[in-house]
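Note sheet for the following structure.
Remember, it's a predicted structure, so these values are computed and weren't measured experimentally. Just so we're on the same page: letters track the sequence lines, and every chain starts at 1.
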Amino acid sequence: MPSFSSGAPQHNARRKQLIRQQRKSLPIASVEKKLVEEVRKNDTLIIVGETGSGKTTRGKSHWHHSASKRVAEECNDQLGKKVGYSIRFDDSTSNATRIKYMTDGLLLREALLDPLLSKYSVIVVDEAHERTVHTDVLLGLLKKVQHSRSIYADKDGKNLSNKQDLSQSLTLKTCQATKFAPLKLIIMSASLDAKCFSDYFGGAKAVHIQGRQYPVDTLYTYQPESDYLDATLVTIFQIHLEEGPGDILAFLTGQEEIESLERLIQERVRQLPPDSSKIWTTPIYSSLPSEQQMNAFKPAPAGTRKIVLATNIAETSVTIPGIKYVIDPGMVKARAYNPVTGMESLIIIPVSKAQALQRRGRAGREGPGKCFRLFQECEFDKLAESTVPEIKRCNLSNVVLQLKALGIDDIIGFDFIEKPPRTSILKSLEQLILLGALTDDYKLSDPVGKQMSRLPLDPMYSKALIVSSEFKCLEEMLIVVSMLSVESIFFTPREKLEEARAARKSFESTEGDHITLVNVYRAASECLEKSKNASAKEKTMEKALNRWCWENFINYRSLRHARDVHSQIQGHVQQMGLNLSSCGDDMVQFRRCLTAAFFLNAAIRQPDGSFRALGTGQSVQMHPSSVLFRTKPDCVIFNELVRTTQNYIKNITRIDPLWLAELAPQYYATED
DNA sequence: TAAACCTTT
């Protein structure tokens, strides 16, 4: 049973000192004037806002005072027109928009068409501390753009040598304006460590904004806990029986852990004394249907304590009201990448100090709280300061392709805020050459590389679309890449496994998972067509589709998403002039096309029944979710290689091994 | 006979 100690005195002293430093700075409302002044004085400003400082809700809509007084005045009158937002499938902006909220990924896409981001005079990067791949690439790009625009602005665009200087650093084709204003940058971060951003931007000034957080007591265990799930269970009941009222938030690593802990809690509830107060558990994780997610935000009935079992989603993405107690087992599920094999996997690892602080902060939003860390205090000191940025632990093919398309040729020499492993970059360059996106001397190829960089897809999927146009089955491939680009399409609840399996049977193709996905997509479209004939109302149609998904054990949200991706990509390929052809019933033709597109992911069956992935030489198994599981194809292509208890391949189609040498001779001609 | 942490183009 875990027993807890309070944080050691020296730790408290350190915190107190920190708090004293922060008191010198003021909450955002009273520093507005100062911020405006700082933005005017500095080209780049780092704003460090503690949790609860209100920087996201107030900061964003207030910095523009510095950009133009006139805009600010008008803004007060016509907020709807001057302020807009733009996300992947939804754009509310117009020519009148002065302030645009958008995602980092979308701004990167815009940069492909307008490399100097000439529309913008001030760019605010929010949540920079999260260090997603997009944030890191964007920061590198913005630093470069800022430099280029300052050269251009200084010389007023009249000096030819400077123009060349500029076009060397960035493709200048679309930039016809004669004069650029300097680009102002505001980097907003919640981390206490502003130094890395400041150093990166040449010693840029950092302004700290105090947070409005209530004190949170931090408790550690006296001994190491070998089973954090059991320790969480015990701690939940310890709090419930010994502490005052207030809801509990427990951080777990995934859906399965959450579900099993929920069952364990329910079992133990029965052992409680009959007169003790009630508890109500509510899970929250991203793949949970949104109606069920909303439960976590509802207040518990009177006399009942709410226990929220959450993944990382509750760390930053959502804030659940009423939380007084946080349980932090100190573990997280994170993406990992092996650049040698090119394999991504999910592993459970200890959290960073920054993550632990963020989790603790969730207990102090509405009043003083308590945070129970299920590890010893000496273990906290051993944790990494901050989470390893994503760019260091993911496949970089898309990043490399984007940078190449932006005219940045020296990827290894690119000024990243933190450099990804050299081997990751080399692996991606190699893959892009094999896909034909880059020439042998690492230049973006024309038209293939250019076309691929315009498509918002995994480079291998982009290539598949181009190939399929030649094979006259673009229509089928468009469906496949859309379905492969979203979360799992099939919904298989543990308690209805047999029913779900039976439902899937009607879509199954003996050739493999790709054609099965096409069948699902087409059946869903047919369902929509039918309801369209019955009623023209969009709402009714969506309802019919939702019901159809439910009956067929299809994940509605995933299918909806796949349809959005499909229509977006369809627009792109039509613009590119690709021929929207169908192979009809000729499935041999389609499988040959899959072979030509995904030849890098081919696998041959071994005498022992396992497979050998030809690209990497790894020994792999068919994943039990494949429709080909329990069949014995000699040769297959696949789209995913995941490592869990074993190396598994998923999304598999059987092919003729002879097709490999015929359709990908550049890769397989030398092999037998 | 397995099991997807979070985003996002």
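Summarising the geometry, the separation between CD on A/Gln293 and P on B/dC6 is reported as 9 Å, rounded to the nearest angstrom. Following rounding to the nearest Å, A/Ile284 (CD1) and B/dC6 (P) show an atom-to-atom distance of 10 Å. Taking atom CZ of residue A/Arg335 and atom P of nucleotide B/dA4, one finds them 13 Å apart after rounding to whole Å. Separating the CD atom of A/Glu390 from the P atom of B/dT8 is a distance of 12 Å, rounded to the nearest angstrom. Atom CG in A/Leu484 sits roughly 18 Å away from atom P in B/dA4 (whole-Å rounding). The interatomic distance linking A/Ile87 (CD1) with B/dT8 (P) rounds to 8 Å, in whole Å. Rounded to whole angstrom, the span from the OH atom of A/Tyr285 across to the C1' atom of B/dC5 amounts to 13 Å. Atom P of nucleotide B/dA3 and atom CZ of A/Phe490 are separated by 19 Å, given to the nearest angstrom.
In terms of position on DNA chain B, the residue among A/Ala334 and A/Leu457 whose nearest nucleotide sits closer to the 5' end is A/Ala334.
Under 4.0 angstrom from either OP1 or OP2 of B/dT8 there lies no side-chain N or O belonging to A/Thr132. Phosphate contact (OP1/OP2 of B/dA3, side-chain N/O of A/Thr645, threshold under 4.0 Å): present. Within the structure, every side-chain polar atom (N or O) of A/Lys333 is placed at least 4.0 Å from both OP1 and OP2 of B/dC6. A close approach under 4.0 Å does occur between a side-chain nitrogen or oxygen of A/Thr311 and OP1 or OP2 of B/dC6.
Taking every side-chain heavy atom of A/Thr644 into account, B/dA2 is the closest of B/dT9, B/dA2, B/dC6. Comparing B/dA3, B/dT9, B/dT7 by their nearest atom to the side chain of A/Arg88 picks out B/dT9. Nearest nucleotide to the A/Tyr648 side chain, out of B/dA3, B/dA4, B/dT9: B/dA3. Checking B/dT1, B/dC6, B/dT9 against every side-chain atom of A/Asn398, the shortest atom distance belongs to B/dT9. Picking from B/dT7, B/dA3, B/dT8 the nucleotide with the shortest atom distance to the side chain of A/Glu256 gives B/dA3. Closest approach to the A/Arg630 side chain among B/dC5, B/dA4, B/dT1 is made by B/dT1 (side chain taken as heavy atoms from C-beta onward).
Listed by chain and number, the residues in a side-chain hydrogen bond (donor to acceptor under 3.5 Å, both in side chains) with A/Arg563 are A/Ser525 (sequence neighbours excluded).
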Assess the residue pair A/Asn555 and A/Phe490 against the criterion (side chain to side chain contact (heavy atoms under 4.5 Å, CB included)); give the C-alpha distance rounded to whole Å, side-chain angles, the decisive distance to 0.1 Å, and a yes or no. CA-CA 6 Å; A/Asn555 186 330; A/Phe490 296 103; over 6 Å; no
Determine whether A/Lys100 and A/Glu110 satisfy the following criterion, salt bridge (charged side-chain N to carboxylate O under 4.0 Å, His left out), listing intermediate values before the conclusion. CA-CA 13 Å; A/Lys100 177 160 148 186; A/Glu110 268 191 24; 2.9 Å; yes
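For the pair A/Arg359 and A/Phe251, the cation sits on the ring face: its NZ or CZ lies under 6.0 Å from the ring centre, inside 45° of the axis.
Heavy atoms from other residues, nucleotides or ligands lying under 6.0 Å from NZ of A/Lys496 number 12 at most.
At a threshold of 4.0 angstrom between heavy atoms, the contacts of A/Leu455 with the nucleic acid are absent. Residue contacts shown for A/Leu346 include a base, since a base heavy atom lies under 4.0 Å away. Contacts of A/Gln255 with the nucleic acid, taken as non-hydrogen atoms under 4.0 Å apart, involve only primed sugar atoms and P, OP1 or OP2.
A/Gln358 approaches A/Glu315 most closely through the heavy-atom pair NE2-O, 3.0 Å.
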